[in-house]
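As structure tokens, the structure follows; a few thoughts come after it.
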Amino acid sequence: MTRHAIVTGASRGIGRAIALGLAERGYDLALNDIAAQDGDLGETAAMIEALGRRCVRVLADVSQLEDCRRAVREAVEGLGHIDVLVNNAGILRLAMIEEMTPETWDQTFAVNTRGVFQMTQAVIGHMKERRYGRIVNIASLAARTGGPGQAHYSASKSAVVGFTRVSSMEFAGHGITVNAVCPGIILTEMGKNNLRDPERVAYFEKITDVHRLGQPEDVVGPVAFFASDDSAFVTGQALNVDGGIFYS
Ligand code: NAP
């Protein structure tokens, strides 16, 4: 039976790489992003169709509960059923604590954390009915240790790791696993904005064991493992995918 996955924030970066990686592994896809990214999402869709996989687009802002419910409804209608949810959509708006507004804090949590909760809640009834599900949450190395300007982001991603652990407990009896991936520095639009200073790039390359920064494709294999039947006995985990960055 063909497996079907929803990937949020799939118009570019890590989300696009995950969607393509799952398509290459035989999954059909429901691709989500916000309306403003519809053009790029169309490109991701065309790339998936070129691989011979089916795909539907479900525009939604994951910070909006009704959007999440509609997106899951459209994904199920479009593909027939959903096996996998990859909660990838996220934002990083750098702000030092002393200058940070409550709005910036709240928006970060609304997308990065509440979005994960809302998409999970929207899909979970369907997965329980089918007694099968794989949920993969894209947290961050910032959940372990963030950098200056990332207090809100780091807190929001730490919360995703906590949410992953408890959801794994709540759904374990229903054939559903929930795991998180914590990418290190990945050269996407977000990653590049976060790392404009060449000296900092050189510093991070030096302290990374593999002596390079990550590409979106580096995140795909671990996500595909958590999305697959092979990971049936793995749940509640948060895996660093960072090329070996050790902070001391
Ligand atoms: P990206 O290049 O900025 O792509 C993120 C995508 O998600 C964008 O298309 C973005 O649209 C979309 N998005 C934002 N808010 C959304 C919402 N409310 N609903 C639906 N989609 C939304 O970022 P990325 O680097 O690929 O990051 C993907 C995930 O990996 C994020 O959760 C991020 O926190 C995490 N991560 C990234 C890195 C890194 O170094 N890149 C490291 C660790 C973890 P807009 O741009 O229009 O907002």
Side-chain angles (χ1 to χ4, degrees), residues 6-21 30-45 57-72 75 85-94 106-119 122 136-147 149-150 152-161 163-164 180-196 200-201 204-205 208 212-220 222-223 238-243 245:
I6 308 181
V7 180
T8 67
S11 70
R12 63 164 193 252
I14 295 172
R16 175 183 277 185
I18 291 169
L20 287 171
L31 303 174
N32 156 264
D33 213 297
I34 52 177
Q37 299 294 345
D38 194 22
D40 289 343
L41 197 62
E43 264 182 39
T44 310
R57 275 189 270 173
V58 292
L59 294 176
D61 176 344
V62 299
S63 72
Q64 303 298 315
L65 179 59
E66 278 314 316
D67 275 28
C68 294
R69 290 178 175 161
R70 181 183 42 73
V72 169
L85 165 64
V86 181
N87 279 310
N88 165 79
I91 56 171
L92 168 57
R93 311 270 188 261
L94 290 175
D106 286 348
Q107 184 57 19
T108 300
F109 268 74
V111 177
N112 294 2
T113 313
R114 190 150 52 77
V116 172
F117 151 61
Q118 289 175 170
M119 285 299 294
V136 189
N137 297 325
I138 308 302
S140 173
L141 197 62
R144 321 290 198 190
T145 172
Q150 298 182 359
H152 51 338
Y153 180 78
S154 172
S156 75
K157 293 294 189 178
S158 298
V160 169
V161 172
F163 181 78
T164 299
V181 165
C182 298
I185 298 162
I186 309 294
L187 292 170
T188 62
E189 218 160 294
M190 179 191 288
K192 288 176 195 159
N193 282 341
N194 185 26
L195 209 60
R196 288 169 192 269
R200 273 177 59 79
V201 172
F204 279 109
E205 284 172 349
T208 303
R212 68 172 177 85
L213 303 183
Q215 296 295 331
E217 293 70 25
D218 287 315
V219 184
V220 173
V223 171
L239 177 68
N240 291 354
V241 178
D242 64 0
I245 297 181

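What's counted below: heavy atoms across the whole structure, side chains too, no hydrogens, waters or symmetry copies. All ligand and atom numbering here is 1-based and tracks the order in the structure. For this chain, numbers begin at 1 and follow the sequence in order. Computed from a predicted structure; not experimentally measured.
- Using a non-hydrogen distance threshold of 4.0 Å, G184 registers as a contact of ligand 1.
- Short contacts between ligand 1 and N32, defined as distances under 4.0 Å to a heavy atom of the residue, involve ligand atoms 20 (C).
- With a 4.0 Å cut-off on non-hydrogen atoms, I91 touches ligand 1 through its side chain and not its backbone.
- When heavy-atom distances to ligand 1 are checked against a 4.0 Å cut-off, N194 has no atom that comes that close, whether in backbone or side chain.
- The protein non-hydrogen atom at the shortest distance from atom 40 (O) of ligand 1 is I186 N, 2.9 Å.
- Less than 4.0 angstrom separates some heavy atom of S140 from each of these atoms of ligand 1: 43 (C), 44 (C).
- Atom 36 (N) of ligand 1 has its closest protein heavy atom at Y153 OH, 3.5 Å.
- Contact annotation: for A60 versus ligand 1, heavy atoms closer than 4.0 Å belong to the backbone alone.
- T8 contributes a side-chain N or O that, together with a main-chain N or O of A89, makes up a donor-acceptor pair within less than 3.5 Å.
- Residue-to-ligand polar distances place Q37 within reach of ligand 1: an N/O pair is separated by less than 3.5 Å.
- A donor-acceptor pair under 3.5 Å is absent between the side-chain atoms of R16 and the main chain of A10, judged by distance alone.
- In this structure, L92 and N193 have side chains that are not in contact, with every pair of non-hydrogen atoms separated by 4.5 Å or more.
- Ligand 1 is never approached by R16 to a heavy-atom distance shorter than 4.0 Å.
- Nearest protein neighbour of atom 46 (O) of ligand 1, counting heavy atoms only, is R12 NH2, 2.7 Å.
- Taking a cut-off of under 4.0 Å to the non-hydrogen atoms of G13, the atoms of ligand 1 that pass are 26 (O).
- The protein heavy-atom contact nearest to atom 10 (C) of ligand 1 is D33 OD1, 3.8 Å.
- For the pair L92 and ligand 1, no heavy-atom separation below 4.0 Å is found.
- Using a 4.5 Å cut-off on side-chain heavy atoms (C-beta onward), V136 and V181 make contact.
- The closest heavy-atom contact to atom 27 (O) of ligand 1, among the options E189, M190, Q107, comes from M190.
- Atom 17 (C) of ligand 1 has its closest protein heavy atom at I34 CG2, 3.3 Å.
- Although no hydrogens or angles enter the test, the distance criterion places a donor-acceptor pair under 3.5 Å between the side chain of Q118 and the main chain of V62.
- Closest to atom 7 (O) of ligand 1 among all protein heavy atoms lies G9 CA, 3.5 Å.
- In this structure the side chain of R12 never reaches within 4.5 angstrom of the side chain of T188, judged on heavy atoms.
- Residue contacts with ligand 1, taken as heavy atom pairs separated by less than 4.0 Å, involve I14 via backbone and side-chain atoms alike.
- Of the possible donor and acceptor atoms, none in the side chain of K157 sits under 3.5 Å from a partner among the backbone N and O of R144.
- Here the rule is side-chain hydrogen bond (donor to acceptor under 3.5 Å, both in side chains) with N137, and of T164, N88, N112 only T164 fits it.
- Within the listing of ligand 1, atoms 35 (C), 44 (C) sit less than 4.0 angstrom from a heavy atom of A139.
- Which of G15, A17, A89 comes nearest to atom 22 (C) of ligand 1 through a heavy atom is settled by distance: it is A89.
- Protein heavy atom closest to atom 5 (C) of ligand 1, with residue, atom name and distance, is G90 O, 4.0 Å.
- At a heavy-atom cutoff of 4.0 Å, ligand 1 is contacted by the backbone of I185 but not by its side chain.
- Proximity annotation for atom 31 (C) of ligand 1: of N88, I138, D40, N88 comes nearest, heavy atoms only.
- Residues Q215 and I186 have side chains not in contact (no heavy-atom distance under 4.5 Å, counting atoms from C-beta outward).
- Classification of R212 and D218 as a salt-bridged pair holds, one side-chain N sitting under 4.0 Å from a carboxylate O.
- Within the structure, the closest approach of L141 to ligand 1 does not fall below 4.0 Å when heavy atoms are considered.
- Nearest protein heavy-atom contact of atom 25 (O) of ligand 1 is T188 OG1, 2.5 Å.
- Contact between A110 and ligand 1 is absent, with no heavy atom of the residue lying under 4.0 Å from the ligand.
- Of the possible donor and acceptor atoms, one in the side chain of H152 sits under 3.5 Å from a partner among the backbone N and O of R93.
- In this structure, the side chain of T113 does not engage the main chain of V160 through any donor-acceptor pair within 3.5 Å.
- Contacts between A36 and ligand 1 below 4.0 angstrom, taking non-hydrogen atoms only, are absent altogether.
- Checking D38, D33, N32 one by one against R57, the side-chain hydrogen bond (donor to acceptor under 3.5 Å, both in side chains) holds for a single residue, D38.
- Heavy atoms of S11 found under 4.0 angstrom from ligand 1 belong exclusively to the side chain.
- Using a distance-only test at 3.5 Å, with no hydrogens or angles considered, no donor-acceptor pair links the side chain of T145 to the main chain of L141.
- Atoms of ligand 1 lying under 4.0 Å from any heavy atom of G191, numbered from 1 in the order shown and given with element: 40 (O), 41 (N).
- When atom types are taken as modelled, the side chain of R200 and the backbone of L195 share no donor-acceptor pair closer than 3.5 angstrom.
- The only member of L239, N240, D242 that meets side chain to side chain contact (heavy atoms under 4.5 Å, CB included) when paired with C182 is N240.
- Among all heavy-atom pairs drawn from A142 and S158, the shortest one is O-OG, 4.5 Å.
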